[in-house]
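See below for the structure under consideration.
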Number of protein chains: 2
Amino acid sequence: MPSNDNDAFSQFIRKLDQLGTLNESDRAAVRSLPFQSQAVPRHYLIVREGEQATDCCILLSGYACRHKTTQSGGRQIVSFHVPGDILDLQHLLLDRADHSVQSITEVRIAVIPAAHIKRLAETHPAIADALWRDSLIEASIFREWVLNVGRRDAKQRVAHMLCEFASRRENAGQGSPERFEFPMSQEQIADATGLTPVHVNRMLAALDKDGVIVRNNREVEITDWTRMQQIADFNPAYLHAAA
Amino acid sequence: MPSNDNDAFSQFIRKLDQLGTLNESDRAAVRSLPFQSQAVPRHYLIVREGEQATDCCILLSGYACRHKTTQSGGRQIVSFHVPGDILDLQHLLLDRADHSVQSITEVRIAVIPAAHIKRLAETHPAIADALWRDSLIEASIFREWVLNVGRRDAKQRVAHMLCEFASRRENAGQGSPERFEFPMSQEQIADATGLTPVHVNRMLAALDKDGVIVRNNREVEITDWTRMQQIADFNPAYLHAAA
DNA sequence: CGTAGGTTTGACTGATCTCAAGTTTGGTGG
DNA sequence: CCACCAAACTTGAGATCAGTCAAACCTACG
């Protein structure tokens, strides 16, 4: 496997380090995990809802999301993911995937048998702690999404999503939250916010007109981060990021 | 403390037993946890958003919920809880509460210092597993709520909520899912589904007219469980309940 | 260039909200 | 046992935010 995969794997260690206090032996144990690196094209279904899954994936590069669908075909994205994120930690302890995981962009993932991560957690309490903490933070983000979709109006929802994306990107060391390539189509934003693509388009235009963002194809610049957070009702406390 | 608290505590052990495989020593360790039993009136705030929390609460009897609010005062209930549930496992590993916990009915809780539960988990891997599994199931429920609020129409949302309540009640050994006392006011249902109380009222009336439920004050009878599940688009897989 | 996927815009529709007025229920005190 | 009160529930009419449908316009890419 190419050396830059190991570099990328260090993204994961970086994240664990943010989540708890690892010592050198912990880090070494993570580094020695057997894994298979895999390149995945955009829009590819990595995990299918209902499947029995025995692997865990770590996102090395690119962006991914998880989604669920209603009987009538409505699609709801329930979270998006940045490099370093574990895409399906839940397969450590739950049998069947209750949702699908899909790449947004081209993506590089490390596939690790769940059993290995489980053993790692059993032998390294600090890692177990970090992983558990990660599950709890994820849950907190889901709660915020319930609030976002349930009680904010369309403009706020879209703005909130942009704020979260900008923040999490930054926390993952992917650069400034004020100017970045936004990888999702307006249809995907719609699926994440419980809106229609047409209305998302209008809300983006409204934010643009408000002077808080400037769009250039898929590049977004947040020109007034303070006002943007106000409009979005965004308070990053729920991300429980290291200070 | 009255003896029925210990009985009620066994509700929690029952739940852990459903979540994993405990041996007698595990159970004994749980039973010997120091805890303070507390009676709480209805509508009481047990945990306040933003607070630093060092205790975990277990719900012994009655119903509770968690909620978040927007800047503009919109309130969103993000989950409800049945006896045996741990109300704030997250305080084991996260500093500040990102949401509030409130009793719905009169409630009896066991308050346990988080540190004790943490130590219990460290010394009893089976319990750590069960607790972690519980966190993951909670996260799955949040994902379903995002879908519910984001992509289902008003009637489906209300129906789905009733189905989940009925199922979780039953899983917690609180009796038949086909006829039960429903503890939430229509305003609380509204806050859980992202609707207004007025519209919840109309949707309940519609479900009644459809012949799938019969209401009698706060008592609900689901007269056609199969059709109710269809209307609600309810598939209990996401609850990851023991078969 | 031609095509496909994505974005933008306009006109119309409709589900849900808002406001406001009753009605029922349950608890409390006389 | 009844009268009263607050809280919760119900119903109606009108307003509005977001959805639908449909067409036109970009942009990247083969």
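Chain letters run A, B, ... following the sequence lines, proteins first and then strands; every chain starts at 1. Values in this document were obtained by computation on a predicted structure and should not be read as measured data.
One finds no side-chain N or O of N201(B) lying less than 4.0 angstrom from the OP1 or OP2 phosphate oxygen of dC9(D).
The stretch residues 146-164 of chain A touches DNA chain D through D153(A), A154(A), each having a heavy atom under 4.0 angstrom from the strand. Remark: R215(A), R218(A) in residues 208-224 of chain A come within less than 4.0 Å of DNA chain C through at least one heavy atom. Near DNA chain C, meaning a heavy atom under 4.0 Å from it, residues 184-196 of chain A has S185(A), Q186(A) in order of number.
Side-chain contact of Y238(B) with E164(B): a donor-acceptor pair under 3.5 Å is present, judged by distance alone. Inspection of the Q90(A) and R143(B) side chains reveals an N or O donor paired with an N or O acceptor under 3.5 Å. R66(A) and S100(A) form no side-chain donor-acceptor contact under 3.5 Å, judged by distance and modelled atom types alone. Between the side chains of Q102(A) and H43(A), no donor-acceptor pair of N or O atoms lies under 3.5 Å. No side-chain donor from either of H67(A) and T69(A) sits under 3.5 Å from a side-chain acceptor of the other.
Residue order along DNA chain D, read from the 5' end via each residue's closest nucleotide, puts R42(B) first among R42(B) and A205(B).
A distance of 12.5 Å separates CD of Q229(B) from CG of L162(B), quoted to the nearest 0.5 Å. Atoms CG and CZ, from N148(B) and F142(B) in turn, are 14.0 Å apart once rounded to the nearest 0.5 Å. We find the NZ-CG distance between K15(A) and D85(A) to be 3.5 Å, quoted to the nearest 0.5 Å. Rounding to the nearest 0.5 Å places CD of E106(A) at 14.0 Å from OH of Y63(A). Once rounded to the nearest 0.5 Å, the distance linking CD of E221(A) with CG of D208(A) reads 10.5 Å.
Annotation: cation-pi pair R168(B)/F80(B) present, NZ/CZ under 6.0 Å from the ring centroid and within 45° of its normal.
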Name every donor-acceptor pair, under 3.5 Å, that has one atom in a side chain of residues 198-205 of chain A and the other anywhere in the protein, sequence neighbours excluded.
from: N201(A); atom 1: ND2; to: Q186(A); atom 2: OE1; distance (Å): 2.9

List the atom pairs, with distances to 0.1 Å, where a side-chain N or O of residues 50-58 of chain A and a protein N or O form a donor-acceptor pair under 3.5 Å, not counting sequence neighbours.
from: E51(A); atom 1: OE1; to: R48(A); atom 2: N; distance (Å): 3.4
from: Q52(A); atom 1: OE1; to: R96(A); atom 2: NH2; distance (Å): 3.3

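Relative to the axis of its first five pairs, the axis of the last five pairs of the helix from dC1(C)-dG30(D) to dG30(C)-dC1(D) sits at 40°, rounded to 10 degrees.
Legend: residues meeting side chain to side chain contact (heavy atoms under 4.5 Å, CB included) with R42(B), ordered by chain and number and at least two apart, are absent. Not counting sequence neighbours, the partners of E170(A) by the side chain to side chain contact (heavy atoms under 4.5 Å, CB included) test are P177(A). By the side chain to side chain contact (heavy atoms under 4.5 Å, CB included) test, A232(B) pairs with A159(B), H160(B), C163(B), F234(B), sequence neighbours left out.
The environment of E49(A) atom CD is dense: over 12 non-hydrogen atoms of other residues, nucleotides or ligands sit within 6.0 angstrom.
dG19(D) atom P lies 6 Å from atom NE2 of H199(A), rounded to whole Å.
Residue pairs meeting the salt bridge (charged side-chain N to carboxylate O under 4.0 Å, His left out) criterion with at least one partner in residues 229-241 of chain B, sequence neighbours excluded, are R152(B)-D233(B).
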Tabulate protein N/O versus nucleotide N/O from nucleotides 2-4 of chain C, keeping only pairs under 3.5 Å, one per line.
none

Polar atom pairs between nucleotides 10-14 of chain C and protein, under 3.5 Å, N or O only, would you list them?
from: dG10(C); atom 1: N7; to: R202(A); atom 2: NH1; distance (Å): 3.3
from: dA11(C); atom 1: N6; to: R202(A); atom 2: NH2; distance (Å): 3.3

